[in-house]
Amino acid sequence: MELWIPITLAAAFLQNVRSGVQRHLKGVMGTTGATFVRFGFGMPFAVILVLLLHFGTGYEFPAISVRFLIWIFVGGLAQIAATFLLVHLFSFRNFAVATAYSRTEPAMAAVFGLIFLREGVALTTLLAIAICVFGVMLISVARTNVSFLGLFTGLAHRNALIGLLSGALFGLAAISYRGASLALGGPNFLMQASVTLAFVIVLQSILLAAWMIFREPKQFELVRRAWKPSLLVGIAGAGASLGWFTAMTLQNAAVVKALAQVEMLFAFGTSVFLFMERINRTEIGGCVLIVAGIVVMMVLKVR
């Protein structure tokens, strides 16, 4: 088994943990504060990891180039903007279809990877990505009155276009992080991914902290009061991001993001076995499609 596969699975699991705790924090401190803790509390761990790799293992710090910094800036802003648009969708009554379109991230990453990194993917890989994406889209509308046809007829609606833009920005962020890591050129994939993560998370923490200072200063006190669960979000979030960045240093970002849809299976496992919730036929069908897409990728040995 190629190394990027278990790394991606571990990252998906940690992201599921982070998302679960973060949903709880949204009720305590609001969207902005819950978003900030993901980066602010994860930043120390990302920086410490780079220092441990340098002083503990002797890995050299990679040379920081202008190209690397540009990729970091683009990726960091794209991820924040994509998250903002996704949260913005929740203010609309009928946001399910739009949220489904935001799940097109792997397909968008494949397009941007071809445009900016000159990285093509095989037709079998595109098929696997399409199967996974459609499975996730089905799950997104499974508990609504949206029909199978509604996934496509709703494309012209404003909310759906916002969802597509969110998915595009998430895809752009993914290939930007791969571009940044590859731009370092060494000394090895782990150091490249760790340095990329440290730069990104510091940038995003500064930007969100600045926003809170000028727009929502009361959030800092709410964050301070909930520092224990926030710390868990930071650790899980930093671990998940390190996994994504490492996997995307080793493999095409679109392929990694397609396999990352396994996070939905972890989420359903949590719902069924921990919270004893029931899932309907459409959700089961979506899960089957995700598994089918992953099997296609693994069996046909994607590149």
Side-chain angles (χ1 to χ4, degrees), residues 1-26 34-35 37-39 41-46 48-49 79 82-83 86 99 102-103 105-106 109 128-129 131-133 135-136 139-140 170-171 173-174 177-178 181 189-190 193-194 196-197 200-201 228-277 279 283-284 286-298 302:
M1 180 183 295
E2 296 181 38
L3 184 58
W4 69 272
I5 296 175
I7 291 175
T8 300
L9 295 177
F13 176 78
L14 288 173
Q15 181 155 305
N16 183 55
V17 173
R18 187 215 73 203
S19 298
V21 182
Q22 210 169 13
R23 278 194 290 269
H24 164 72
L25 288 177
K26 282 182 66 176
T35 302
V37 299
R38 171 186 176 184
F39 304 112
F41 281 79
M43 180 174 60
F45 298 99
I48 289 172
L49 176 60
Q79 187 178 16
T83 303
L86 191 58
T99 303
S102 73
R103 299 292 188 173
E105 176 188 0
I129 290 173
I131 294 172
C132 287
V133 167
V136 175
I139 291 172
S140 299
F170 275 126
Y177 296 151
R178 174 167 168 79
S181 186
F189 69 89
L190 184 56
S194 299
T196 301
L197 171 61
V200 169
I201 205 167
K228 289 183 178 180
S230 297
L231 189 62
L232 178 57
V233 169
I235 295 173
S241 295
L242 177 62
W244 299 137
F245 288 19
T246 303
M248 287 189 290
T249 302
L250 297 169
Q251 177 59 275
N252 188 302
V255 176
V256 172
K257 285 300 182 178
L259 179 57
Q261 303 308 312
V262 73
E263 180 195 352
M264 297 296 294
L265 304 184
F266 291 143
F268 275 111
T270 301
S271 298
V272 173
F273 296 109
L274 186 60
F275 298 110
M276 302 301 175
E277 296 177 352
I279 60 177
E283 289 171 320
I284 294 173
C287 290
V288 170
L289 284 174
I290 292 173
V291 173
I294 292 172
V295 169
V296 170
M297 282 195 297
M298 299 300 103
V302 299

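The structure presented is a predicted model; accordingly, all values stated were derived computationally and were not measured. Along the sequence shown, residues carry numbers from 1.
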Quick check for you: to the nearest 0.5 Å, what is the distance between [X] atom [atom1] and [Y] atom [atom2]?
X    : Y    : atom1 : atom2 : answer
I294 : L9   : CD1   : CG    : 7.5 Å
L231 : F45  : CG    : CZ    : 4.5 Å
I131 : M297 : CD1   : CE    : 9.5 Å
I235 : F41  : CD1   : CZ    : 10.5 Å
Q261 : L289 : CD    : CG    : 12.0 Å
L259 : I290 : CG    : CD1   : 11.0 Å

Indicate the atoms forming the closest heavy-atom contact of [X] with [Y], along with that distance.
X    : Y    : answer
I201 : M43  : CD1-N, 3.6 Å
V37  : S230 : CG1-OG, 3.4 Å
Q251 : R178 : O-NH1, 3.0 Å
V256 : A247 : CG2-O, 3.7 Å
A253 : A109 : C-CB, 4.5 Å
V21  : P229 : CG1-O, 3.6 Å

Just jot down the side-chain hydrogen bond (donor to acceptor under 3.5 Å, both in side chains) partners of S194, sequence neighbours excluded, or say none.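 So S194 forms no side-chain hydrogen bond (donor to acceptor under 3.5 Å, both in side chains) with any residue.
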
Only distances under 3.5 Å count here; give the side-chain donor-acceptor pairs of residues 237-246 to other protein atoms, sequence neighbours excluded, each with its distance to 0.1 Å.
from: S241; atom 1: OG; to: G237; atom 2: O; distance (Å): 3.1
from: W244; atom 1: NE1; to: Q15; atom 2: OE1; distance (Å): 2.8
from: T246; atom 1: OG1; to: L242; atom 2: O; distance (Å): 2.7

Within residues 228-253 or reaching into it, pairs that qualify as salt bridge (Lys or Arg N to Asp or Glu O under 4.0 Å) - sequence neighbours excluded: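 Salt bridge (Lys or Arg N to Asp or Glu O under 4.0 Å) check on residues 228-253 returns no pairs.
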
I7 vs L250 side-chain heavy atoms within contact, under 4.5 Å: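 A side-chain contact exists here, since the closest heavy-atom pair is under 4.5 Å.
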
Name of the residue among T249, N252, V255 meeting side chain to side chain contact (heavy atoms under 4.5 Å, CB included) with W4: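 Of all the options given, the one that passes is V255.
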
